[in-house]
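Please read all numbers here as calculations on a predicted model, not as lab measurements. Chain letters run A, B, ... following the sequence lines, proteins first, then strands; residues in each count from 1.
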Amino acid sequence: MSVRVRFAPSPTGYLHVGGLRTALYNYLFARNKGGKMIIRIEDTDRTRFVENAQENLISALQWAGITFDEGPGFGGDYGPYIQSERFDLYSKYAQDLIESGSAYYAFDTAEEIEAMRERQKKAGIAPKYDRATMKNQFTLGEQETQRLIDEGIEKVVRLKVPFNEEIKFKDIIRGDVSVKTKDVDDQILLKSDGFPTYHLANVVDDHLMKISHVIRGEEWLPSTPKHVLLYKSFGWEMPEFAHLPLLLNNNKTKLSKRHGDVAVEDFRQKGYIKEAFVNFVSLLGWNPSGDNEIHSLDYLIEHFNLEKVNKGGAIFDRPKLLWMNSMYLRKQSSEEIYEMLIEDLKSAGIDKPKDYVLEVITLLKERINFANDLVEFADYMWGKPSSFDEKFKAKQWKEGTEELVRPAIELLKTADKWEVDTLHKLIEDYLNEKGVGFGKLMNPLRLMITGKSVGAGMFETMVILGREECLERFDEFFIKMENGEI
RNA sequence: GGUCCCUUCGUCUAGUGGUUAGGACAUCGCCCUUUCACGGCGGUAACACGGGUUCGAGUCCCGUAGGGAUCACCA
């Protein structure tokens, strides 16, 4: 059987990182097996529909490098791939189920259902639709049921879950799972508005679209028995199931918004490199073995193996993601980082020649986590320092510092070429003669030029800034100091 | 609470009966160094617990504990 998998999001908001991980594993599996990757939009709940959500979902997926073979806008022979456009299909299948005795009509109102649950709660039993006492096809009888249908009374279709049976299914990740039918609710299949619930639509579409493997989040595990029942009722061959472990907050609960960003779009906007992000997410719950953890998408595809996916949930460890990003950032060319940085630079009102920006990037890229860190981190490369690090000054600018610095600057002025080697030699000779260590002079110079305690090599920095600029900064520093501004 | 699922360093994990239990992030120390990083070297740190099975168990089985998910006319 050829491999066909799908990612089936609801257009109710942005793409969650958990959703991305699910999509990614589907994708890795499909590509590894030479199968098809399908995207299907599950918009059967019109009350939660969000405008543009579908577009946002797809654009986030594509940003991450996930491609689709079939889906809305991608073609395919099993469309339409949006469930609301398949509306008519579902009631037909629900009808089949009723005729075969696997489902039935029910007419209870929301209030009646609520009252039933209250009773059950008081009695200390698990809330579950009570087929024997509620208002449905069985308690009402054929004639009354038909009358209500003819009258157009609101109705739903429920799954008739058999008594006292055991439902068993195999999960690729978890092995054999079994549940007793007495614990399974008579799930609503067709809502009173005529739309199917997830359970019906999902099973019908997976079958019609010839899905071979259902790879989804663990939160679906408890409802899988209902799906198994549905496949059996229809007499359809079942796909294989693989329930992925959850992505967790630091407190081990399901990854959620109140513990930080969870939308893929947020990470994209923060400046994460997509390859780094995908690499990191792919390793949450699975790993191709070996000591290295930096992998290309192709490598991940080549080694992906569903059976090796872990069972336990994985905490979304943001510090490690940050590290992963900096690893990728350092591998980027200055040209690539320039592309990531240029918009942020512009919006910060910084306008420098490209060659200059490129030099700054090359000088500093190993010291940052994100391309746009450079806006702040390298502020002294975009303009004169607006402030000077107090602590650094207190530590580095002491008695005698000025007497050491002034002659050094005079010496720098005599440099025939403003190049690293030349400047270095000049200073080295000067310090040797004085019998003073490099730090004594270089730290004060760093303060004067950058205002900061951290940065790249001082000579390299000075060369990129240029002779005029540096000398100006020295002068201004002394003036400000004399005015007591520093 | 019922049901189901899960459990190796703080975190992500390797490990498929015999390992000094390995790697990565984080953390700590040392080295490199004009600062901060990077890099290099090293350290602290884990098989939840209790029973079995076995010559031998992180690996298999059963309990216990802990955690999580789920119990909608949402997906």
Side-chain angles (χ1 to χ4, degrees), chain A residues 8-12 42-45 47-48 106 108-110 113-114 117 121 124-129 154-158 171 173-175 177-180 182-185 187-199 201-202 216-225 243 245-246 248 250-254 280 283-294 308 310-324 326 330 364-368 377 389 392 395-396 424 427 431 437-447 450 452-459:
Chain A
S10 290
T12 56
E42 309 218 328
D43 59 345
T44 56
D45 183 356
T47 66
R48 292 210 304 159
D108 317 274
T109 63
I113 294 289
E114 185 52 37
R117 293 207 178 104
K121 224 175 135 186
I125 50 178
K128 185 171 174 260
Y129 185 75
E154 283 209 340
K155 63 179 188 299
V156 299
V157 174
R158 283 182 181 270
D171 186 284
I173 296 169
R174 284 150 216 287
V177 178
S178 96
V179 177
K180 295 180 180 59
K182 69 179 176 61
D183 298 315
V184 179
D185 201 5
Q187 183 61 236
I188 289 183
L189 264 17
L190 212 57
K191 300 182 259 188
S192 58
D193 64 1
F195 272 90
T197 56
Y198 169 88
H199 309 281
N202 195 261
R216 71 212 327 183
E218 187 188 336
E219 67 267 28
W220 291 107
L221 200 52
S223 52
T224 303
H243 287 92
L246 261 18
L248 272 24
N250 288 320
N251 67 356
K252 297 213 179 232
T253 54
K254 196 165 141 186
F280 175 73
L283 261 24
L284 257 22
W286 169 78
N287 133 351
S289 295
D291 288 348
N292 183 20
E293 293 192 338
I294 305 293
K308 278 192 62 186
N310 292 151
K311 297 179 177 79
I315 291 173
F316 190 77
D317 187 31
R318 293 162 198 274
K320 189 159 183 177
L321 170 58
L322 203 61
W323 166 79
M324 187 74 83
S326 63
R330 279 190 293 150
L364 294 169
K365 69 177 177 184
E366 295 200 351
R367 291 153 201 274
I368 53 174
F377 188 77
D389 187 319
F392 190 55
K395 191 177 169 194
Q396 302 296 345
H424 192 279
I427 295 297
L431 290 173
F438 257 80
K440 286 266 191 300
L441 176 63
M442 299 314 290
N443 286 327
L445 290 187
R446 178 180 299 283
L447 177 72
T450 73
K452 293 187 173 183
S453 62
V454 303
M458 248 354 267
F459 296 119

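- When heavy atoms are screened at a 4.0 angstrom cut-off, A/Leu322 is found touching no nucleic acid atom at all.
- Applying the Watson-Crick and G-U wobble criteria (two distances, each under 3.5 Å), B/C71 pairs with B/G1.
- Of the residues near RNA chain B, A/Asp185 and A/Ser289, the one whose nearest nucleotide (by heavy atom distance) lies more toward the 5' end is A/Ser289.
- For the ring pair (Phe, Tyr, Trp, His ring centres under 6.0 Å) test, no residue two or more places apart in sequence or in another chain qualifies with A/Tyr129.
- Shown here, B/C36 forms no base pair; nothing in the strands shown gives a Watson-Crick or G-U wobble contact with both key distances under 3.5 Å.
- As rounded to the nearest Å, B/U59 and B/U16 have P atoms that lie 13 Å from one another.
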- [ ] Between protein and nucleotides 28-40 of chain B, map the contacts as a letter string: B base, S sugar-phosphate only, - none, heavy atoms under 4.0 Å, written 5' to 3'.
- [x] ------BBBBSS-
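- Residue A/Lys121 is out of contact with every strand shown, counting any heavy-atom pair closer than 4.0 Å.
- Residues forming a side chain to side chain contact (heavy atoms under 4.5 Å, CB included) with A/Pro127 (at least two apart in sequence, or on another chain): A/Arg117, A/Gln120.
- Taking a pair to require two hydrogen-bonding distances under 3.5 Å in either a Watson-Crick or a G-U wobble arrangement, B/A24 pairs with B/U11.
- With respect to the salt-bridge test (charged N to carboxylate O, under 4.0 angstrom), the residues A/Arg48 and A/Asp45 qualify.
- Taking the side-chain hydrogen bond (donor to acceptor under 3.5 Å, both in side chains) definition, one finds that A/Glu42 meets it with A/Arg40, A/Gln83, A/Asn202, sequence neighbours left out.
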Measure all distances between protein nitrogen or oxygen atoms and nitrogen or oxygen atoms of nucleotides 73-75 of chain B, and list the pairs falling under 3.5 Å.
{"unit_1": "B/C73", "atom_1": "O2", "unit_2": "A/Ser192", "atom_2": "N", "d": "2.7"}
{"unit_1": "B/C73", "atom_1": "O2", "unit_2": "A/Ser192", "atom_2": "OG", "d": "2.8"}
{"unit_1": "B/C73", "atom_1": "N3", "unit_2": "A/Ser192", "atom_2": "OG", "d": "3.0"}
{"unit_1": "B/C73", "atom_1": "N4", "unit_2": "A/Asp108", "atom_2": "O", "d": "3.4"}
{"unit_1": "B/C74", "atom_1": "OP2", "unit_2": "A/Lys191", "atom_2": "NZ", "d": "3.1"}
{"unit_1": "B/C74", "atom_1": "O2'", "unit_2": "A/Asp45", "atom_2": "OD2", "d": "3.0"}
{"unit_1": "B/C74", "atom_1": "O2'", "unit_2": "A/Arg48", "atom_2": "NE", "d": "3.3"}
{"unit_1": "B/C74", "atom_1": "O2'", "unit_2": "A/Arg48", "atom_2": "NH2", "d": "3.2"}
{"unit_1": "B/A75", "atom_1": "OP1", "unit_2": "A/Thr44", "atom_2": "OG1", "d": "2.9"}
{"unit_1": "B/A75", "atom_1": "OP1", "unit_2": "A/Lys191", "atom_2": "NZ", "d": "2.7"}
{"unit_1": "B/A75", "atom_1": "OP2", "unit_2": "A/Tyr198", "atom_2": "N", "d": "3.2"}
{"unit_1": "B/A75", "atom_1": "O3'", "unit_2": "A/Ser10", "atom_2": "OG", "d": "3.0"}
{"unit_1": "B/A75", "atom_1": "O3'", "unit_2": "A/Glu42", "atom_2": "OE1", "d": "3.1"}
{"unit_1": "B/A75", "atom_1": "O2'", "unit_2": "A/Ser10", "atom_2": "OG", "d": "2.7"}

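- Under the rule for a side-chain hydrogen bond (donor to acceptor under 3.5 Å, both in side chains), the partners of A/Lys308 that lie at least two apart in sequence or sit in another chain are A/Ser289.
- Partners of A/Lys395 according to the side chain to side chain contact (heavy atoms under 4.5 Å, CB included) rule, which considers only residues two or more places apart in sequence or in another chain, do not exist here.
- When the P atom is used for both B/G10 and B/C55, the distance is 35 Å, rounded to whole Å.
- Across the strands present, B/U53 finds no partner; the criterion is a Watson-Crick or G-U wobble pair with both atom distances under 3.5 angstrom.
- Judged as a ring pair (Phe, Tyr, Trp, His ring centres under 6.0 Å), and not counting sequence neighbours, the contacts of A/Phe280 are A/Phe316.
- Applying the side chain to side chain contact (heavy atoms under 4.5 Å, CB included) test to A/Ile315 and every residue at least two apart in sequence or in another chain returns A/Leu248, A/Asn250, A/Lys252.
- Among residues two or more places apart in sequence or in another chain, the ring pair (Phe, Tyr, Trp, His ring centres under 6.0 Å) test is passed with A/Trp220 by A/Tyr198.
- Residue contacts shown for A/Asn202 are absent, as no nucleic acid heavy atom lies under 4.0 Å away.
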Task: Heavy-atom protein contacts under 4.0 Å, nucleotides 2-11 of chain B, coded B base, S sugar-phosphate only, - none - done: -SSSS----S
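- Across the P atoms, B/A14 and B/C6 are found 15 Å apart, a figure rounded to whole Å.
- Shown here, B/A46 forms no base pair; nothing in the strands shown gives a Watson-Crick or G-U wobble contact with both key distances under 3.5 Å.
- A/Glu218 and A/Arg174 are joined by a salt bridge, as a carboxylate oxygen and a charged side-chain nitrogen come within less than 4.0 angstrom of each other.
- Distance noted for atom P between B/C49 and B/U7: 14 Å (whole Å).
- Looking at residues two or more places apart in sequence or on another chain, you find a side chain to side chain contact (heavy atoms under 4.5 Å, CB included) between A/Val179 and A/Val184, A/Pro225.
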